[in-house]
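Step one of this worksheet: look at the structure below.
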Number of protein chains: 2
Amino acid sequence: MKRITSINSKDFLPQLSVDVVIMGYQDGAIKCLLLRIKDKWLLPGGYVEQKQSVEEAAESVLELRTGLKGQHLKFLAVFGSADRDFKKEREAFLENPALKSIEIDDPDFFSRRYVTLSYYALVDIDKIHPELSFLDEEWQWFDVSKLPDMWMDHKDIVMTARERLKDDIRQEHITHNLLPEQFTMPALHQLHQVILETPIDRSRFQKTMLATDKFERLPKLKKDSPGRSPYLYRVKP
Amino acid sequence: MKRITSINSKDFLPQLSVDVVIMGYQDGAIKCLLLRIKDKWLLPGGYVEQKQSVEEAAESVLELRTGLKGQHLKFLAVFGSADRDFKKEREAFLENPALKSIEIDDPDFFSRRYVTLSYYALVDIDKIHPELSFLDEEWQWFDVSKLPDMWMDHKDIVMTARERLKDDIRQEHITHNLLPEQFTMPALHQLHQVILETPIDRSRFQKTMLATDKFERLPKLKKDSPGRSPYLYRVKP
DNA sequence: ACAAAAGTGTTCAGCCTACACCCATGG
DNA sequence: CCATGGGTGTAGGCTGAACACTTTTGT
C-alpha cells in the first residue's frame with residue numbers, strides 16, 4: 001500500500017480526473033476491478049499531473065493498481081455533464097480517517113465538480129495482484145454483468161467500456177490479454193461469445209479466424225478431458 | 001461581433017478547452033471553418049463554464065460561430081499531451097490589442113497548458129454566416145485537404161475529424177447537413193466519393209443506398225444540363 | 001440524332017450460414 | 001466402443017463488384 005503524506009493541488013490539472021476500467025476474462029466472464037470505499041464501489045482513478053499527459057496519467061493508474069506496464073490501454077469517453085457534481089457523495093466517502101492524516105493545501109480538492117476522462121484496459125487477471133491505495137479499503141473483480149452498488153456514475157462508465165469491447169473484438173478479433181499467449185480455438189470461440197453475448201457457429205468461427213491470417217498454429221495441446229485434443233494458437237508477431 | 005469586457009477565470013474549468021471542427025460540403029470538397037489570428041489559423045474554440053457540461057460548451061462554440069442550434073455535433077478526441085504547452089505560440093497571438101482592453105483576473109489564463117476536448121460538427125455552409133469573436137481577425141472556409149498554416153496542433157485535430165468522417169459515412173451513409181434536405185443520388189454518390197477519397201461504382205452505390213431503406217424517393221428534379229433528370233430523395237423521417 | 005447523364009439488369013465470384021460429417025481421445 | 005469434444009466439408013443463400021444496357025433529356 002502506497003503512503004501519501006501530502007497533496008499539493010497545484011501539481012495537478014484542476015477539476016480533471018482519469019478513471020480506468022480494468023477488465024479481464026476469468027471463469028467465462030468479463031470482469032472488472034473495483035475498489036470499495038465504505039459500502040459502495042468505484043473505479044480506480046487519479047489525477048493528471050501538470051507535467052504528465054492525460055495518457056500517462058491513465059497509465060500510472062493502471063500501473064499503480066496492477067504493477068504492470070505497457071498493457072493494452074485505450075481512451076473510452078469523456079464524462080462531462082454539469083450535474084456531474086457528486087459533492088455529497090464524495091464528502092460521504094471522504095470521511096475516511098486515512099484522509100485526515102494527509103495534508104491538502106486546497107480543502108475543496110476532492111469535492112469540486114470534475115470532468116472525467118475514462119480509459120479502459122485489458123489485462124490478464126491471473127498475472128495481477130491489485131494494490132490498494134490510501135482511500136480504498138478492499139479490491140475485487142466483478143463480473144461486469146453483475147455489478148455492485150457504485151459511487152457516482154461509475155456504473156455508466158463500466159457499461160460504456162463493456163459495450164466498446166464488442167466493437168473492438170468485432171474489428172480486431174484478437175484477444176490482447178484476455179487469453180494467455182497460447183490458446184485454443186474453442187477458448188477464443190468462447191471468449192467471442194461471452195463478449196458479444198450471442199451464440200456463434202463453431203465452424204464458421206474457426207474458418208473466419210483462420211482466414212484473417214492473424215493466428216499461427218502450434219503443436220497440439222495434451223488434454224485431460226474426453227474428446228479430441230485441440231491445437232494451440234497464438235497471435236502472429 | 002460579441003463584446004467581452006472582462007473574464008473571470010473562476011467561471012471556467014481551468015486548463016480545459018473545447019475546440020470544434022465545423023465542417024461542410026461545398027464545391028465538391030469537404031471544408032472546415034477556421035479563424036485567423038495574425039498570420040496563422042485556428043479552430044473555433046472556447047472554455048467550459050462551471051455550470052456547463054462539456055457538451056454544452058461545444059454547442060455554445062458552434063452556436064456562437066454559426067448562429068445555429070441543434071446541429072450535428074459529436075465528440076472527436078482528447079488532445080492531452082504534456083508537451084502540448086503552446087505558451088510561446090499563445091503569447092505570440094495574444095499580443096492582440098483587443099485583448100489588452102479586457103480585464104482578466106488571472107494573467108496566465110490563456111498561456112497555461114491546456115487539455116483540449118475536440119468536437120466536430122457537420123453543417124450546411126450556405127446557411128451559415130460565421131461570426132468573429134474578440135480575438136480572431138478573419139474567418140474562412142478551407143478545403144480540409146488544403147489547410148493553411150495553423151496554430152498549435154490544430155491541423156492534427158482537423159485531420160482526425162476528417163478521418164472520423166470516413167468511419168461515420170461508412171456506418172450511417174446519411175448526410176446530416178452536408179447535403180440539402182432534398183438531394184439526388186448522383187449528389188450523394190459524389191459526396192461519398194469525396195469523403196472516402198475513392199471512386200465508387202455508380203450502380204452498386206445506388207442499389208446499396210436504396211437497400212438500406214433509409215431514403216425516400218420524391219418527384220423528379222427538373223434539370224438544365226443535358227442528360228436524364230434525376231429523382232430527388234430525402235432521408236426518411 | 002447524338003451525346004451526356006441517370007437509372008436498371010445481368011453475371012460472376014466470394015462470403016456467410018447452417019448443418020452434417022469425420023477424427024481423436026478418455027472412460 | 002461409445003460418448004464427448006475438436007476439426008473439416010458442403011450446399012444454399014445472400015451480397016458486392018464489374019460492366020452492359022436502357023431511358024431520358026438538352027443541344
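- Among the protein residues, B:Ser225 comes within range of the sugar-phosphate backbone only, with heavy atoms under 4.0 Å from sugar or phosphate atoms but none that close to a base.
- Considering only side-chain atoms of A:Pro186, the nucleotide from D:dT8, D:dT24, D:dG7 that sits closest is D:dG7.
- Side chain of A:Arg202, nearest nucleotide from D:dT8, C:dG26, D:dG7: D:dG7.
- For B:Lys31 and B:Phe142, the positive end is not near the middle of the six-membered ring at less than 6.0 Å and at most 45° from its axis.
- To the nearest angstrom, C1' of D:dG6 lies 16 Å from CZ of A:Phe183.
- Nearest to the side chain of B:Ser229, among D:dT25, D:dG7, C:dG7, sits D:dT25.
- Within 3.5 Å, a donor on the side chain of A:Ser203 pairs with an acceptor on the base of D:dG9, or the reverse.
- Atom-to-atom, OH of B:Tyr231 to C1' of D:dT24 comes out at 10 Å; the value is rounded to the nearest Å.
- Rounded to an integer number of Å, the gap from CZ of A:Arg170 to C1' of C:dC16 is 16 Å.
- Salt-bridge check for B:Lys38 with B:Glu137: failed, with every basic side-chain N at 4.0 Å or more from each acidic carboxylate O.
- Per the geometry, CZ belonging to B:Arg204 stands 21 Å off P belonging to D:dC21, to the nearest Å.
- Judged purely by distance below 3.5 Å, without hydrogens or angles, the side chains of B:Ser60 and B:Gln52 pair a donor atom with an acceptor atom.
- A straight line from CG of A:Leu188 to C1' of D:dG6 spans 14 Å, rounded to a whole angstrom.
- In this structure, B:Arg228 does not reach the D:dT25 phosphate: none of its side-chain N or O atoms is under 4.0 Å from OP1 or OP2.
- Nucleotide D:dA17 holds its C1' atom 13 Å from the CD1 atom of B:Ile200, rounded to whole Å.
- For the pair A:Asp201 CG and D:dT8 C1', the computed distance is 12 Å after rounding to whole Å.
- Atom NZ of B:Lys220 is separated from atom P of D:dT24 by 6 Å (rounded to the nearest Å).
- Relative to the side chain of B:Gln206, the nucleotides D:dG7, C:dG7, D:dC19 differ in distance, and C:dG7 lies closest.
- In the interface, the side chain of A:Thr208 is not paired with the base of C:dC16 through any donor and acceptor atom under 3.5 Å apart.
- For the pair A:Thr184 and B:Pro226, both in contact range of DNA chain D, the more 5′-proximal nearest nucleotide belongs to A:Thr184.
- For the residue pair B:Ser17 / B:Thr116, a side-chain donor-acceptor distance below 3.5 Å is found, with atom types taken as modelled.
- With a 6.0 Å radius and a threshold of 12 heavy atoms from other residues, nucleotides or ligands, A:Lys127 has its NZ atom at or below the threshold.
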